[in-house]
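For reference, the structure discussed in these notes is given below.
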Amino acid sequence: MTITSPRIALLLLLLVAFVWGAEFVLIDLAVAQIPTHTFNAIRFSIAGLSLIPLLYYAKDKVEAGMLPRLLGAGALLGFMLFIGFYTQTEGLRFTSVSNAGFITGLNVPLVPVLAFLIFRQNARLNVWLGVITATAGLYLLTMGDKLEINEGDVLVLICAFAFAGHIVLTGRFVSKLPVTLLSIIQLLAVAIYSSLAAWLSPDPAFYYPDATPVTWQEQLSTPIIIWSILIAALFGTAYAFWAQSACQTILEPHKVALVFATEPVFAHISAWIFLDEHLGPQGMIGAGMIIAAMLISELGDKKHLPKIEPLDHTAVPE
């Protein structure tokens, strides 16, 4: 299906941002019952397999000698996604959905910083302004009267670094390798890593040690777990991949960046409606500063417009 209307493309990408934000609530409810590694193993198995039909339309060509590089890149990028999604999903058990959404958004200003530290790519003034603004916003969002950050916030902060690292490394591989096939390998790699982690863990795979023992059939017949996995895998990954690939060719990069900056806003609105979460005045200011930092980092330099690749949740300054 070819998208030719910029208005339709914008709405489709806005739906992607909405799904990414709203699924925080579903995943939060699901991992209260099923361990994180098991949840992610099933989620990314379905996500990876659901993208396979797109290979027919993508017509990716694997040249002679490319397969080892493709598998190596997929394994490395998949490991970064594994770290990111594990810490984000596990972090939801210990922090609020709103905090998780906004802290995840910190990966935007972190991308050029990591590119500078790892590959010595120049970081422009707007990047450092974004980092300073994001740091101040993180402080206001996570620090209460006791001036301490909780375990969940730390885990989601690690997720932001992992997602930023994934975006930086993707920039090194994606121009030389078939994108759709590389994406499938990454997602299936996350499923394999998660399965291995669940198998190696001394804890039960399908329930928490302090919970009443249940069979895997009982867990996978629980509605909230089923819907969380399916929505995250099919809509949050497969649909999002298609929408990004189909729509970004006809939209200006700054519009894409603005749309994806709404993801943590949708996360907070969903948490407010369904979980009765409230940030409070200090938290709202901190969240607003993180959104501002995302926009400063992405749009603050008109000479270097942002770009984004499938599986990235953010746009990145070129």
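The figures here come from the full heavy-atom set of this structure, side chains too, leaving out hydrogens, waters and symmetry mates.
- Phe44 places none of its side-chain heavy atoms less than 4.5 Å from the side chain of Gln186.
- Applying the salt bridge (charged side-chain N to carboxylate O under 4.0 Å, His left out) definition to pairs two or more places apart or across chains, none involves residues 275-288.
- Nearest heavy-atom pair across Ala287 and Leu279 is CB-CD1, 4.0 Å.
- No side-chain heavy atom of Phe274 sits less than 4.5 Å from a side-chain heavy atom of Leu29.
- Closest non-hydrogen pair, Ile27 versus Ala232, comes out as CD1-CB, 4.4 Å.
- The backbone N or O of Ala75 sits less than 3.5 Å from a side-chain atom of Tyr193, completing a donor-acceptor pair.
- Under the 3.5 Å distance criterion, the side-chain polar atoms of Ser96 are matched with a main-chain donor or acceptor of Asn99.
- One N or O on the side chain of Thr222 and one on the backbone of Gln219 form a donor-acceptor pair closer than 3.5 Å.
- Proximity of Phe102 to Ile291: side-chain heavy atoms (C-beta onward) are separated by under 4.5 Å at one or more points.
- In terms of heavy-atom proximity, Gly48 sits nearest to Leu188 at CA-CD2, 3.9 Å.
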Item to check | Intermediate values then yes/no, side chain to side chain contact (heavy atoms under 4.5 Å, CB included), Ile34 and Phe206 | outcome: CA-CA 6 Å; Ile34 187 170; Phe206 285 91; 4.3 Å; yes
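- Of the possible donor and acceptor atoms, one in the side chain of Ser221 sits under 3.5 Å from a partner among the backbone N and O of Glu218.
- Remark: the backbone N or O of Ile225 is not paired with any side-chain donor or acceptor of Ser228 at under 3.5 angstrom.
- Taking the six-membered ring where tryptophan is involved, the planes of Tyr86 and His37 are essentially parallel, since the angle between them stays under 30° and well short of 60°.
- In this structure, Phe18 and Ile269 have side chains that are not in contact, with every pair of non-hydrogen atoms separated by 4.5 Å or more.
- When atom types are taken as modelled, the side chain of Thr87 and the backbone of Cys159 share a donor-acceptor pair closer than 3.5 angstrom.
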Checklist entry - Does the side chain to side chain contact (heavy atoms under 4.5 Å, CB included) test come out yes or no for Thr38 and Trp216, once each step is laid out? => result CA-CA 10 Å; Thr38 303; Trp216 66 267; over 6 Å; no
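- In this structure Arg93 satisfies the salt bridge (charged side-chain N to carboxylate O under 4.0 Å, His left out) test together with Glu90, sequence neighbours excluded.
- Using a distance-only test at 3.5 Å, with no hydrogens or angles considered, no donor-acceptor pair links the side chain of Ser45 to the main chain of Ala191.
- Under the 3.5 Å distance criterion, the side-chain polar atoms of Tyr207 are left unmatched by any main-chain donor or acceptor of Gln33.
- Applying the salt bridge (charged side-chain N to carboxylate O under 4.0 Å, His left out) rule to pairs touching residues 42-58 yields Glu23-Arg43, sequence neighbours excluded.
- Looking at Phe82, Phe85, Trp20 one by one, the single match for ring pair (Phe, Tyr, Trp, His ring centres under 6.0 Å) with Phe163 turns out to be Phe85.
- Under the 4.5 Å side-chain contact rule for hydrophobic residues, Trp272 and Leu92 share a cluster.
- With Thr95 contributing its side chain and Glu151 its backbone, the two residues share no donor-acceptor pair below 3.5 Å.
- Considering every non-hydrogen atom in both Pro204 and Pro209, the closest pair reads CD-CG, 4.1 Å.
- Counting all heavy atoms, side chain and backbone alike, Ala238 lies closest to Ser50 at CB-OG, 3.2 Å.
- Using a 4.5 Å heavy-atom cutoff, the side chains of Phe161 and Leu157 are in contact.
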Next on the checklist: Between Leu275 and Phe24, is the side chain to side chain contact (heavy atoms under 4.5 Å, CB included) condition met? List the steps.
Outcome noted: CA-CA 11 Å; Leu275 302 178; Phe24 274 94; over 6 Å; no
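- The two residues Ala100 and Val156 come nearest to each other via the heavy atoms O-CG1, 3.5 Å.
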